[in-house]
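Quick note on labels: first sequence line is chain A, next is B, and so on, each numbered from 1.
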Amino acid sequence: QKEVEQNSGPLSVPEGAIASLNCTYSDRGSQSFFWYRQYSGKSPELIMSIYSNGDKEDGRFTAQLNKASQYVSLLIRDSQPSDSATYLCAVEKAAGNKLTFGGGTRVLVKP
Amino acid sequence: DVKVTQSSRYLVKRTGEKVFLECVQDMDHENMFWYRQDPGLGLRLIYFSYDVKMKEKGDIPEGYSVSREKKERFSLILESASTNQTSMYLCASSSPGQGRTQYFGPGTRLLVL
């Protein structure tokens, strides 16, 4: 079992719809969770970070964390073609900022 | 703005060559990281450093070494490049403490022939 798992996709979403991405992790001691977006040929950039159970909203993005079930999700509302990218889930297991990344979910938003 | 720069965007080397990949950050970050990214395997941590002269092995350190002589600079060294080291190499930096954002450089796409 991989430490951090994501569906590789592609997740095809019509423009204006909600894209829902999921990530599960294996280490119950994990403390911090991050969603990065990576456009083709570019480096990852942070979208959201979440540290406690529940929802965290930032603009069109909402991160959801459930530590008991060991999953973290990302919702993208009103999806735009510019949201087409690979979304990487990253988990920090302990202090020290050492991250473990999932394989990424490719999202395609179709006009 | 945080800026992380990498010495080359593209690099072509021959098997057996010694390869240096350099990373520089301008935000006075203590933490620096080297990853490689391969299709289907995601980002994997090679080495990281929490301070000058300090280094720790990540998940896949075999075939690599690092050097951190100055706080802003973290170098990845391939002592004898092999074809299975063809990959995208990404450097990142962050400030100390839990939950800190890692900022990535633009990446170096290395091809070993």
To the nearest 0.5 Å, how far apart are [atom1] in [X] and [atom2] in [Y]?
{"X": "B:Gln102", "Y": "A:Phe101", "atom1": "CD", "atom2": "CZ", "result": "5.5 Å"}
{"X": "B:Arg100", "Y": "A:Leu46", "atom1": "CZ", "atom2": "CG", "result": "13.0 Å"}
{"X": "B:Tyr103", "Y": "A:Glu45", "atom1": "OH", "atom2": "CD", "result": "11.5 Å"}
{"X": "B:Tyr50", "Y": "A:Lys98", "atom1": "OH", "atom2": "NZ", "result": "7.5 Å"}
{"X": "B:Ser94", "Y": "A:Leu99", "atom1": "OG", "atom2": "CG", "result": "7.5 Å"}
{"X": "B:Leu90", "Y": "A:Gln38", "atom1": "CG", "atom2": "CD", "result": "6.5 Å"}

| message | If we ignore hydrogens and angles and just use 3.5 Å, is the side chain of A:Ser43 paired with the main-chain N or O of B:Gly105 as donor and acceptor? | response |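 Here the side-chain-to-backbone pair exists.
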Toward chain A, the part of [X] with a non-hydrogen atom under 4.5 Å:
{"X": "B:Glu56", "value": "neither"}
{"X": "B:Pro96", "value": "neither"}
{"X": "B:Phe33", "value": "side chain"}
{"X": "B:Leu43", "value": "both"}

Taking a hydrophobic cluster as the set of Ile, Leu, Val, Met, Phe, Trp and Tyr residues connected by side-chain heavy atoms closer than 4.5 Å, whether directly or through intermediates, do [X] and [Y] fall within one such cluster?
{"X": "A:Val91", "Y": "B:Leu41", "result": "no"}
{"X": "A:Phe34", "Y": "B:Tyr35", "result": "yes"}
{"X": "B:Met88", "Y": "B:Trp34", "result": "no"}
{"X": "B:Leu21", "Y": "B:Val112", "result": "yes"}
{"X": "B:Val19", "Y": "B:Ile60", "result": "yes"}

| said: For the interface with chain B, which of A:Ser32, A:Ala90, A:Pro44 has the highest count of heavy-atom pairs at distances below 4.5 Å? | reply: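 Of A:Ser32, A:Ala90, A:Pro44, A:Pro44 has the most heavy-atom pairs under 4.5 Å with chain B.
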| message | Would you say that more than 12 heavy atoms from the other residues, nucleotides or ligands in this model lie under 6.0 Å from the OH of A:Tyr71, or not? | response | no
| In terms of heavy-atom contacts, does CZ of A:Arg106 have more than 12 from other residues, nucleotides or ligands at under 6.0 Å? | no
| Of the backbone (N, CA, C, O) and the side chain (C-beta and beyond), which part of A:Gln6 lies under 4.5 Å from a heavy atom of chain B, both, or neither? | neither
| task | Side chain from CB out, backbone as N, CA, C, O: work out which of these in A:Phe33 comes under 4.5 Å of a heavy atom of chain B, or both, or neither. | result |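 Looking at A:Phe33, nothing touches chain B.
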